[in-house]
Structure formats: C-alpha cells, structure tokens
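I have placed the structure first, in the form of structure tokens, so that the comments after it can refer back to it.
Proteins come first, then strands; the chains are lettered A, B, ... in the order of their sequence lines, and each starts at number 1.
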2 protein chains.
Amino acid sequence: MGAKSHYNDVLKERNLKATKHRFAILEALENCKIPVTAEDLYIKLKRDGISISLSTVYRCLETLHKKGIVIKSNIPDYNKAVFEYNHNEHRHHMICIKCHKMQPVNGCPLEEFEKFIESKFDFTVKGHNLEVYGYCSGCGSKETASNYSCCPERNEGS
Amino acid sequence: MGAKSHYNDVLKERNLKATKHRFAILEALENCKIPVTAEDLYIKLKRDGISISLSTVYRCLETLHKKGIVIKSNIPDYNKAVFEYNHNEHRHHMICIKCHKMQPVNGCPLEEFEKFIESKFDFTVKGHNLEVYGYCSGCGSKETASNYSCCPERNEGS
DNA sequence: ATTGCAAATGCGAATCATTCGCAAAAACAA
DNA sequence: TTGTTTTTGCGAATGATTCGCATTTGCAAT
Ligand SMILES: [Mn+2]
Ligand SMILES: [Mn+2]
Ligand SMILES: [Zn+2]
Ligand SMILES: [Zn+2]
C-alpha cells in the first residue's frame, strides 16, 4: 500500500495524468539498482506482462525527466541515454569502463568548487555532472576495456 | 614553422599516418576555444577551403580520440558529441544551459574523492567526468533555459 | 453515471547523428 | 618506383530517438 498513491501524488503535483503506464515505469525504475536504457525498461515491462509501446516508454521517460522525477544521463562512448528514479539524494556514479555498469555513490565533493567558480568567473552555477570511471569489482583491473576519453589507448614501448 | 612538424610527431608517435586532413583537423581544433561538434568542424574546414568529407571528419576525430589526442564528450540533453584538442592539462568545463557554450576551467577538485572511492568500494578509479552547469556571462541568470537534469522544471506556486 | 475535452498512447514512418562498405587515392618503408 | 598498409570519398545503412495522427484514456464538470 502507499506505493501507487505515492506515484499518484508525485504525478499530480506536476500536472501529469496518472496512468497505469506511468505507474509501471516508476515502479520498475524504483526497483532498478542501476540506471537503465529506455529499451531495457521496455523489455523489463514486457516481461512483467505490461503491454506498452516503445515510443511510450521514451515519451514517458522524457516527460518524467523534464519534471525532475527521473534522471537522464549519458555514458560517454555509449550511444544510449540511461534513466534512473530521482531519489532526490544528491549523488554521483562509478561507471565501469568494461561492462558499462553504473553504481551510485552518495555524497558530493563539489561544494567548494562551485563557490570557487562563481567567485572567479561570471557564471551562475545551477548544477553539475560528475562520474568516476574505472573497473568495477566484477571486472577487476584487467586492461581490456574499450577506449575512453578518461583513459586513452597508450602507445609506449614496442 | 614548428606547427606542422609538431602534429607530425604527435601522429607518428601513435602510428598514425600524417595526412593533410589530420593536420587541418588538429589545427582547426587547436584554434577552437570551445569544444565543437563534428559538423561544426566540417563546416569550419570547408570555409577554410579544405575539401574533406563529413565521414572523414568523423573518422579522424574518432581515431584521434582513441589515441588520446582529442577529447570527446557529451553535453547532457544535447544529442551530439563535442570534440576538443587534448592539451593534456587536466581540466573541466562550465556549460551554459541556455546557449550550450562550454568554457574550460583549469584544475580539479577530485583527488580526495577518488581516494575515498577506492578505499570505500572495490573499484579501481581510472578517470572522471565533471562539468558544471549554469548561466554564462552572456546569458545572465534569466530563467529561460531548456530543462536539464541538473535543474528540472519546477511546478510550485500558482 | 455521462459527457467533453485535454492529455496520453500505439503504430509506423521519419529524423538525424554516426558508422560502414568498398573502390580509389594517399602515405611511407623498402 | 614499387608494394603494402592506411586513409579517404561517397553513398547507403544503422540505430536510437522523435513525430504524426488516429484512437483511447484520465478526469473534471455536469
Ligand atoms: Mn555533486
Ligand atoms: Mn578532474
Ligand atoms: Zn564492470
Ligand atoms: Zn550562455
């Protein structure tokens, strides 16, 4: 209990109609530990027996994102957007450059930095993006990842 | 003097052939104060009287990026990659959420944070992405920007 | 419950950035 | 100059995302 009416409120507050598809999407997203693509979500919903079209998944995610209910982000060198439920906890992610998994990290080290920027430049800070790249526990530090801007291909020796 | 042979070395070091297109691209990029899209660059080259195909621009940029000569990044909610010459200074950017301009900021506030992550999680840090969003000096703080994950549309009052 | 209108959806077609295939043109080592 | 390896041009293909439009749904006012 509570679950559905909670989404109901969330949607109503932003002038969005409460549809079963939106409930399903929000519920599925809230159960995801890691951010998912629109298509991942579409497949998951289908598996759960929900009849929905991929366009609707895209449209809902975009709407929910614009209303701040869902966070949309891009993994560099990965041509798909990923979405996650916005828990309204300010957090960042660690992204595995091998398997592309994203895991959240709570907390933010940037308060000072933002102040520094506002004081040094004529720029009004409204937010930031921060992700850390590397190898997740599953992938170890095997040097087999695809190339990333953060760790370009080396060419020293032989 | 110096300029061309410098690119020559950069390319040779990474086993890339030194072609006039790659020189043109590197030169154009190095002259850009802000990151540009493949198409921006293509247009710029054309204006400079250089005959090149858009595919080649994409291919060169990708190659140069994989070799670490060029940095490729994505502006959230903007569906194009942007490229900049890699000056090998570790730096980040301020991105205007109204006009999409990116300006560099030297320095990095994340050394501590990376240590923290490695010590707390079983994750090997290899790099990071950090951009700050807000209004550039030209755009002031007029609240007219398109929506961004960092500052979703509000719906309070009225 | 019924009605009426705006918002949401399904479906397929369209977009648009980016990638690919392949033949022709460089680059460069020998 | 020759031969081999890369790079390039061109257009076609790809793949994620968006759009158009007819139909259905949510929901507020009867
Ligand atoms: Mn933060
Ligand atoms: Mn940094
Ligand atoms: Zn991994
Ligand atoms: Zn601006």
Side-chain angles (χ1 to χ4, degrees), chain A residues 4-5 7-26 35-43 45-46 50-67 69-70 72-83 100 146-147 149 155, chain B residues 4-5 7-26 35-43 45-46 50-67 69-70 72-83 100 146-147 153 155:
Chain A
K4 281 211 170 159
S5 61
Y7 295 139
N8 215 307
D9 294 346
V10 168
L11 293 168
K12 291 291 173 65
E13 273 168 27
R14 330 243 166 159
N15 297 103
L16 294 178
K17 289 189 175 172
T19 71
K20 63 183 176 201
H21 286 143
R22 288 181 176 158
F23 284 139
I25 285 175
L26 290 173
V36 292
T37 66
E39 191 162 25
D40 289 341
L41 187 58
Y42 172 69
I43 290 167
L45 291 172
K46 281 302 179 77
I50 289 155
S51 163
I52 191 172
S53 111
L54 181 57
S55 319
T56 301
V57 174
Y58 273 105
R59 261 186 302 221
C60 285
L61 286 172
E62 195 60 33
T63 301
L64 296 170
H65 162 59
K66 287 218 261 218
K67 296 293 188 171
I69 303 170
V70 156
K72 176 180 183 180
S73 36
N74 284 93
I75 300 180
D77 279 336
Y78 187 66
N79 56 334
K80 297 170 186 166
V82 291
F83 301 85
H100 288 155
S146 48
N147 297 332
S149 28
N155 203 212
Chain B
K4 281 212 170 160
S5 60
Y7 295 139
N8 216 307
D9 293 345
V10 168
L11 293 168
K12 290 290 173 64
E13 272 168 28
R14 331 244 166 157
N15 298 104
L16 294 178
K17 288 190 175 172
T19 71
K20 63 182 178 204
H21 285 145
R22 302 225 259 228
F23 283 140
I25 285 175
L26 289 173
V36 293
T37 66
E39 191 162 23
D40 290 341
L41 186 58
Y42 172 69
I43 290 168
L45 292 171
K46 281 300 180 76
I50 288 155
S51 163
I52 191 172
S53 110
L54 181 57
S55 319
T56 302
V57 174
Y58 273 105
R59 258 184 306 221
C60 285
L61 286 172
E62 194 60 33
T63 302
L64 296 170
H65 162 60
K66 288 217 261 219
K67 297 292 190 173
I69 302 169
V70 157
K72 176 181 184 181
S73 36
N74 284 93
I75 300 180
D77 279 337
Y78 188 65
N79 57 333
K80 297 169 185 166
V82 291
F83 301 86
H100 287 155
S146 48
N147 298 331
E153 184 179 297
N155 203 213

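In this structure, CG of B:N15 is placed 17 Å from P of C:dA27, rounded to the nearest angstrom. In this entry the distance linking CD of A:E39 with P of D:dG15 reads 11 Å, nearest Å. Rounded to a whole Å, the NZ atom of B:K72 is 11 Å from the C1' atom of C:dA17. Rounded to a whole Å, the CD atom of A:E62 is 18 Å from the P atom of C:dA7. Remark: P of C:dT19 and NZ of A:K80 are 14 Å apart, rounded to the nearest angstrom. Atom NZ of A:K67 and atom P of C:dA7 are 11 Å apart (whole Å). Taking atom CZ of B:R14 as the reference point, atom P of D:dT7 lies 14 Å away to the nearest angstrom. Distance, B:Y42 OH to C:dA17 P: 13 Å, rounded to whole Å.
Relative to the axis of its first five pairs, the axis of the last five pairs of the helix from C:dA1-D:dT30 to C:dA30-D:dT1 sits at 40°, rounded to 10 degrees.
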Mind listing the N/O atom pairs, protein and nucleotides 9-14 of chain D, below 3.5 Å?
{"unit_1": "D:dG9", "atom_1": "OP1", "unit_2": "B:H21", "atom_2": "NE2", "d": "3.2"}
{"unit_1": "D:dG9", "atom_1": "OP1", "unit_2": "B:S51", "atom_2": "O", "d": "3.4"}
{"unit_1": "D:dG9", "atom_1": "OP2", "unit_2": "B:S53", "atom_2": "N", "d": "3.0"}
{"unit_1": "D:dG9", "atom_1": "OP2", "unit_2": "B:T56", "atom_2": "OG1", "d": "2.3"}
{"unit_1": "D:dG9", "atom_1": "N7", "unit_2": "B:R59", "atom_2": "NH2", "d": "2.8"}
{"unit_1": "D:dG9", "atom_1": "O6", "unit_2": "B:R59", "atom_2": "NH1", "d": "3.3"}
{"unit_1": "D:dC10", "atom_1": "N4", "unit_2": "B:S55", "atom_2": "OG", "d": "3.4"}
{"unit_1": "D:dG11", "atom_1": "O6", "unit_2": "B:S55", "atom_2": "OG", "d": "3.0"}

Table of protein N/O atoms under 3.5 Å from nucleotides 28-30 of chain C N/O atoms:
{"unit_1": "C:dC28", "atom_1": "OP1", "unit_2": "B:A18", "atom_2": "N", "d": "2.9"}

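A distance of 7.0 Å separates NZ in A:K66 from OG1 in A:T63, rounded to the nearest 0.5 Å. Atom NE2 of B:H65 is separated from atom SG of B:C60 by 14.0 Å, given to the nearest 0.5 angstrom. Interatomic distance, B:D9 CG to B:R14 CZ, rounded to the nearest 0.5 Å: 11.0 Å.
Note on B:Y58: every side-chain N or O is 4.0 Å or more away from OP1 and OP2 of C:dT19.
Remark: B:I50 pairs with B:H21, B:A24, B:L45, B:D48, B:I52 by the side-chain contact (heavy atoms from CB on, under 4.5 Å) rule, at least two apart or across chains. A:Y42 meets the side-chain hydrogen bond (donor to acceptor under 3.5 Å, both in side chains) test with A:K46; sequence neighbours excluded. A:D40 meets the side-chain hydrogen bond (donor to acceptor under 3.5 Å, both in side chains) test with A:T37; sequence neighbours excluded.
The one candidate from A:L16, A:T56, A:V10, A:N8 that meets the side-chain contact (heavy atoms from CB on, under 4.5 Å) condition with A:R22 is A:L16. Of the residues B:V82, B:I25, B:L54, the one that meets the side-chain contact (heavy atoms from CB on, under 4.5 Å) test with B:L41 is B:I25.
Counting only heavy atoms from C-beta outward, the side chains of B:L26 and B:L11 approach each other to under 4.5 Å. In this structure the side chain of A:E62 reaches within 4.5 angstrom of the side chain of A:K72, judged on heavy atoms.
With DNA chain C read from its 5' end, the first of the two nearest nucleotides for B:N79 and B:K20 is the one closest to B:N79.
Salt-bridge formation is not detected for the pair A:K80/A:E39: no Lys NZ or Arg NE/NH1/NH2 atom is positioned less than 4.0 Å from an Asp or Glu carboxylate oxygen.
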